[in-house]
Undergrad: 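Handing you a structure now.
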There are 4 protein chains.
Amino acid sequence: MPWKEPSKARERIAAEKRGAIIREAARAFNRRGYHGTNLDEVAERLGITKPALYYYVKDKESLLLACHEIAIEIAMEAVARANRQGGGADERLGNVLHHYVRGLTDDLRGCVVLMEEGALGPANLRRLKRQRDVYEGALREIVRDGMAEGVFVRCDEKVAVFVILGAVNWISKWYAADGPRGSEELAGMISAQLVRGLRIGPTEGALLPDSERRGEAV
Amino acid sequence: MPWKEPSKARERIAAEKRGAIIREAARAFNRRGYHGTNLDEVAERLGITKPALYYYVKDKESLLLACHEIAIEIAMEAVARANRQGGGADERLGNVLHHYVRGLTDDLRGCVVLMEEGALGPANLRRLKRQRDVYEGALREIVRDGMAEGVFVRCDEKVAVFVILGAVNWISKWYAADGPRGSEELAGMISAQLVRGLRIGPTEGALLPDSERRGEAV
Amino acid sequence: MPWKEPSKARERIAAEKRGAIIREAARAFNRRGYHGTNLDEVAERLGITKPALYYYVKDKESLLLACHEIAIEIAMEAVARANRQGGGADERLGNVLHHYVRGLTDDLRGCVVLMEEGALGPANLRRLKRQRDVYEGALREIVRDGMAEGVFVRCDEKVAVFVILGAVNWISKWYAADGPRGSEELAGMISAQLVRGLRIGPTEGALLPDSERRGEAV
Amino acid sequence: MPWKEPSKARERIAAEKRGAIIREAARAFNRRGYHGTNLDEVAERLGITKPALYYYVKDKESLLLACHEIAIEIAMEAVARANRQGGGADERLGNVLHHYVRGLTDDLRGCVVLMEEGALGPANLRRLKRQRDVYEGALREIVRDGMAEGVFVRCDEKVAVFVILGAVNWISKWYAADGPRGSEELAGMISAQLVRGLRIGPTEGALLPDSERRGEAV
DNA sequence: AATGAATGAGGGTTCATTCAT
DNA sequence: TATGAATGAACCCTCATTCAT
């Protein structure tokens, strides 16, 4: 039925345009901050005018929200895929981070999770924090698992996860899509470094009582 | 000359007030971003009015600059102290990070290095980037040293340092001065985790052929 | 010429659509004011899109003009019919108002004569004011007649007519087509009250010396 | 204590400026409608800039609200004063309207009660409608009293009051402070005409059964 | 040393209007 | 005949900054 095609095609084009707007906005938010980003520039970089942008997007805030939602989606999918792949806590953590970094760099060119206070309205903020807490909770659980399995150093899992997320979220500040390292390579390097930061070393391991050394995967 | 004393005292008081303003501004910049921060709020939190603030500070930009300069100063001093303390590359890295984290959390309650583009004028930005590059360079050198010494895993030192700095700079996003962990304790946990992320593990070290354990600039 | 018929039918349909648009616009103008009315809503309430609306109407301003023209037409016809019906000044005034109120409530559901400055262009505004002055002049003449006939209290006919027109034009603010009172009933009540407001009472009439009962332009 | 004077004086000046802004806004709202009014013009007519205006007023909406509140206040006081003066229902109605018209023309140069939908936020609108209903209720009660007393024609008091309020609220459309009629004179003319519109006339009175003619004041 | 008042510049958002289809 | 998409102009509002006091 070729007569329905135009509408479908139009819809796809519209969705693509919306996507492009969100990606460009993400880029700008990362660089200049939410309040420092002005939609005229975003529009100009896309070769459209600001009102045209408003045809696809309700609000500046909704743009930020969309960015965050994509990031959360990437995060959640990273967790899901890593869990499906299974393995010890260290492997799982490595996989989660690998998927997450790849997602961020590929889809949002290093996304925003910068969370400037006062950027999102209270309702959106609440919802987002809830989702983010789920993600953080999943990571913390992996860290706890690793400690239980004896592959991870004993530590405060909250702080440990903050450190990891800081390293990952910061990527947007220095990642250049056209840099010398590809997305895949970077994901490997970063996740390895971060997993190693928790994995039990030769010295520490020696100090652990035997009862806690069971199930080490390394 | 007793008649000069009051002036000295006044100067000290003025300097302290200036310091308080900068700290409060740092707090706000961290939370809401540079452009999201409005000076009225900063002033109000200090119990003064906005014009009073302008008596002590030339500009909004100069506030940001001062924050960055303090951070750089803390960073440089951390490097200097660690170098003075000496030790292997891993120890030195640990010491640098420990000092740095302590400085940030104590003096600026988790400082701004957020570098929103367009916040600083080009001249200031250039100067700051130069200083930051010195700091990053020092860290990279330590990492290279560690690889040469065989205590650090072989890696891209640029990426490794980005990861470390990300983790550290992100602290401002979650650090609460009244949280359960003190500044000293946190500094210890964080630096340990980050050093461990580079330190060679039992397996990795053993597997490397001797030929690859020297001169490792990737 | 059967081949001309469809065109005639189409014309009628188009005219009806145009009429529906104008009525809907009148409704909106009344409720939200000219500048507060947005054509998207008008179109949506009619089940069409905004560009479709532009197919039938040149301008937003032309919509307002059309509303006013209808109102003026209703007014003029009310005067003409009342004059044809004849009778004393009080009867004539009552008839005018009765016809006018009926016309407004029936055709424009309580029309706009709200005259926001800056809504109509100068040319249209001038033309409209001229027509409106004709109407007001006709009413003032009836009032003067009434005073001359001794049926109306002596008064400033300008103010008296303003009061009357205010009461009538305000109807659009409270009239609900589905309210408890029908258009006819309301027209009766309102016109009676307004005529009574000018009609000479038992006391007033009796007390006036003859000399003052003639030639009463205040 | 002359040393506190400047502050007091400043406060008075500020209050006066705020008052001037509100009056000028009322004027503009009346002429151009709420949405048709642009604050730049209001400011310009006052010889200040728009941001200066925002120093005294929170919002465009708050300006409208202030206008309405003044109108309501005038209305309520008109009712209170008329009740204090006492008299038959016709006298009371006349007094209320007289006070109201004087207040409107004097304080707001013929104020806004135009109630464009969508101009006030839902909360403010609700509050305002409640107050307006109190006023309308008071007028209706006077009309009912008048019918009970036999001084007013039998009618639907709701419609009767709508007619009266329309006539009064419309004043702002034609009142010119520098016109030929003073505020006091106009108030007298208008209230007389409107009371007469309800007062029982010679004919109507004759038709009433005796039982309903008690207590007529005329 | 500090404040009330004012301003210029800029950004988010809306909307009447048009055009290609 | 009707629509999706786009735009220019305008408006509300905020805020860093200054000035008279």
Side-chain angles (χ1 to χ4, degrees), chain A residues 6-7 9-11 13-14 17-18 34-43 46-63, chain B residues 10 13-14 17 34-43 46-64, chain C residues 10 13-14 17 34-43 46-64, chain D residues 6-7 9-11 13-14 17-18 34-43 46-63:
Chain A
S7 151
R10 255 214 282 261
E11 269 175 37
I13 289 177
K17 284 188 186 174
R18 201 185 127 87
Y34 177 72
H35 292 283
T37 295
N38 115 321
L39 293 189
D40 267 316
E41 274 176 41
V42 173
L46 290 164
I48 61 177
T49 59
K50 195 163 43 165
L53 188 151
Y54 271 87
Y55 186 80
Y56 294 95
V57 167
K58 175 173 150 279
D59 241 348
K60 192 185 186 185
E61 187 181 335
S62 80
L63 270 176
Chain B
R10 241 191 270 163
I13 289 177
K17 286 191 183 175
Y34 177 71
H35 291 284
T37 295
N38 102 333
L39 294 189
D40 268 317
E41 269 178 43
V42 173
L46 291 165
I48 62 178
T49 59
K50 198 165 39 167
L53 188 151
Y54 269 87
Y55 184 80
Y56 294 97
V57 168
K58 172 171 154 278
D59 243 348
K60 191 184 185 184
E61 188 182 335
S62 79
L63 271 177
L64 180 58
Chain C
R10 243 191 268 163
I13 288 177
K17 286 191 183 174
Y34 177 71
H35 292 283
T37 295
N38 101 334
L39 295 188
D40 268 315
E41 268 177 43
V42 173
L46 291 164
I48 63 177
T49 59
K50 197 164 39 167
L53 188 150
Y54 269 86
Y55 183 81
Y56 293 96
V57 168
K58 172 171 153 280
D59 242 350
K60 191 184 186 187
E61 188 181 334
S62 78
L63 271 176
L64 180 58
Chain D
S7 152
R10 254 214 282 263
E11 269 174 36
I13 289 177
K17 284 189 186 172
R18 201 184 127 87
Y34 177 72
H35 293 284
T37 296
N38 114 319
L39 293 190
D40 268 314
E41 271 176 42
V42 173
L46 291 164
I48 62 178
T49 59
K50 194 165 40 167
L53 187 152
Y54 271 89
Y55 185 79
Y56 294 95
V57 168
K58 177 173 149 277
D59 240 348
K60 191 185 185 184
E61 187 181 335
S62 80
L63 270 176

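Sequence lines set the chain letters: A, B, ... in the order given, protein chains first and strands last, and positions in each chain run from 1. Atoms considered below: every heavy atom in the structure, side chains included; atoms not considered: hydrogens, waters and symmetry mates.
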Undergrad: Does the side chain of D:Lys17 get closer than 4.0 angstrom to OP1 or OP2 of E:dA5 through an N or O atom?
TA: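 For E:dA5, neither OP1 nor OP2 has a side-chain N or O of D:Lys17 closer than 4.0 Å.
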Undergrad: If you assign each of D:Leu53 and B:Ile48 to its closest nucleotide in DNA chain E, which residue comes earlier from the 5' end?
TA: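 Final value for this comparison: B:Ile48.
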Undergrad: Identify the heavy atoms of C:Ala43 and C:Lys50 that sit nearest to each other, and give their distance.
TA: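 Heavy-atom minimum between the residues: CB-N, 3.8 Å.
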Undergrad: Taking OP1 and OP2 of F:dA5, is either one under 4.0 Å from a side-chain nitrogen or oxygen of A:Tyr55?
TA: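 It does, given that an N or O in the side chain of A:Tyr55 lies less than 4.0 Å from OP1 or OP2 of F:dA5.
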Undergrad: C:Asp59: what forms a salt bridge (charged side-chain N to carboxylate O under 4.0 Å, His left out) with it, not counting sequence neighbours?
TA: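 Not a single residue meets the salt bridge (charged side-chain N to carboxylate O under 4.0 Å, His left out) criterion with C:Asp59.
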Undergrad: From the set E:dA1, F:dA2, F:dA6, return the single nucleotide nearest to any side-chain atom of B:Tyr56.
TA: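 Closest nucleotide to the B:Tyr56 side chain: E:dA1.
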Undergrad: Specify the separation, in whole Å, of atom CG of B:Leu46 and atom P of E:dT3.
TA: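 In whole Å, E:dT3 P and B:Leu46 CG are 12 Å from each other.
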Undergrad: Looking at OH of D:Tyr56 and OG of D:Ser62, how far apart are the two atoms once the value is rounded to the nearest 0.5 Å?
TA: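 That separation rounds to 14.5 Å.
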Undergrad: What nucleotide, of E:dT7, E:dG4, F:dG4, holds the atom closest to the side chain of D:Ala52?
TA: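 Of E:dT7, E:dG4, F:dG4, E:dT7 is nearest to the side chain of D:Ala52.
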Undergrad: Rounded to the nearest 0.5 Å, what's the gap from CZ on A:Arg10 to CD1 on A:Ile13? Could you check?
TA: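 Spacing of CZ (A:Arg10) from CD1 (A:Ile13) equals 8.5 Å.
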Undergrad: How many angstroms lie between atom CD1 of B:Ile48 and atom NZ of B:Lys17, to the nearest 0.5 angstrom?
TA: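 Reported value, rounded in 0.5 Å steps: 8.0 Å.
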Undergrad: What does nucleotides 9-15 of chain F look like as a protein-contact string, B for base, S for sugar-phosphate only, - for none, at under 4.0 angstrom between heavy atoms?
TA: --SBBBB
Undergrad: For A:Leu63 and A:Leu39, run side-chain contact (heavy atoms from CB on, under 4.5 Å): C-alpha distance rounded to whole Å, both residues' side-chain angles, the deciding distance at 0.1 Å, then the answer.
TA: CA-CA 10 Å; A:Leu63 270 176; A:Leu39 293 189; 4.0 Å; yes
Undergrad: Between A:Thr37 and A:Lys60, what is the shortest heavy-atom contact and its length?
TA: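 So the minimum-distance heavy-atom pair works out to O-NZ, 2.9 Å.
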Undergrad: Dot-bracket for DNA chain F, 5' to 3', with Watson-Crick and G-U pairs under 3.5 Å, [ ] for crossing pairs and | for other-strand pairs: what is it?
TA: .||||||||||||||||||||
Undergrad: When rounded to the nearest 0.5 angstrom, what is the spacing between CD in B:Glu41 and CG in B:Leu46?
TA: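 That separation rounds to 11.5 Å.
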